[in-house]
**Student:** 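One structure coming up, written as structure tokens, with questions to follow.
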Amino acid sequence: MGNNTDEKLYRQIVESSTEAIIIQQDGKFKYINPAGVDFLRAASSEEAIGNLYSISYPRSIES
């Protein structure tokens with residue numbers, strides 16, 4: 001398999017995954033698969049990519 005074929009295969013796997021796959025860089029989403037779009041309740045990946053959506057976790061959880 002060549003690199004182009006590998007890339008197509010990986011892209012198909014990511015695009016068809018039922019799990020949200022999100023690539024974030026510098027606080028912005030760079031890529032979101034269709035399951036990620038559903039997870040974020042966005043109308044499309046274009047709506048979510050580049051927006052200020054962020055996933056953050058508290059530094060500490062007080063009980």
Side-chain angles (χ1 to χ4, degrees):
M1 288 178 118
N3 287 339
N4 195 22
T5 304
D6 290 343
E7 182 178 337
K8 287 180 182 180
L9 177 61
Y10 294 134
R11 183 173 296 278
Q12 288 175 341
I13 292 169
V14 169
E15 291 288 325
S16 64
S17 175
T18 58
E19 297 294 323
I21 298 174
I22 300 169
I23 297 174
Q24 181 183 22
Q25 182 180 14
D26 300 324
K28 294 184 180 181
F29 292 160
K30 300 295 182 178
Y31 171 82
I32 303 172
N33 73 338
V37 172
D38 290 343
F39 175 76
L40 294 173
R41 298 183 179 156
S44 66
S45 61
E46 291 80 15
E47 179 183 298
I49 290 176
N51 286 337
L52 297 178
Y53 287 110
S54 66
I55 300 172
S56 61
Y57 300 92
R59 290 185 182 180
S60 64
I61 299 175
E62 297 180 28
S63 37

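Everything numeric in this text was worked out from a predicted model, so none of it was measured.
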**Student:** Of the non-hydrogen atoms in Ala35 and Ala20, which two are nearest, and what is the gap between them?
**Tutor:**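 Heavy atoms of Ala35 and Ala20 come nearest at CB-N, 3.8 Å.
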**Student:** Out of curiosity, Tyr31 OH to Gln25 CD, how far, rounded to the nearest 0.5 Å?
**Tutor:**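 Here the interatomic distance stands at 16.0 Å.
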**Student:** Supply the atom-to-atom distance Ile13 CD1 to Asn33 CG, rounded to the nearest 0.5 angstrom.
**Tutor:**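 Here the interatomic distance stands at 12.5 Å.
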**Student:** What are the two closest heavy atoms between Glu19 and Ser17, and how far apart are they?
**Tutor:**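 In terms of heavy atoms, the two residues are closest at N-OG, 3.0 Å.
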**Student:** If you take all heavy atoms of Val14 and Ile21, which pair is closest and at what distance?
**Tutor:**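 Closest heavy-atom pair between Val14 and Ile21: CG1-CD1, 3.9 Å.
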**Student:** Please find the pair of heavy atoms, one from Ile32 and one from Ser45, that lie closest to each other, and give the distance.
**Tutor:**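 The pair with the smallest heavy-atom distance is O-CB, 3.9 Å.
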**Student:** Using the side chain to side chain donor-acceptor pair (under 3.5 Å) criterion, which residues pair with Ser44? Sequence neighbours excluded.
**Tutor:**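 Ser44 satisfies side chain to side chain donor-acceptor pair (under 3.5 Å) with Glu46 only.
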**Student:** What's the shortest heavy-atom distance between Leu40 and Phe29, and which atoms?
**Tutor:**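 Looking at all heavy atoms of both residues, the shortest contact is CD1-CE1, 3.5 Å.
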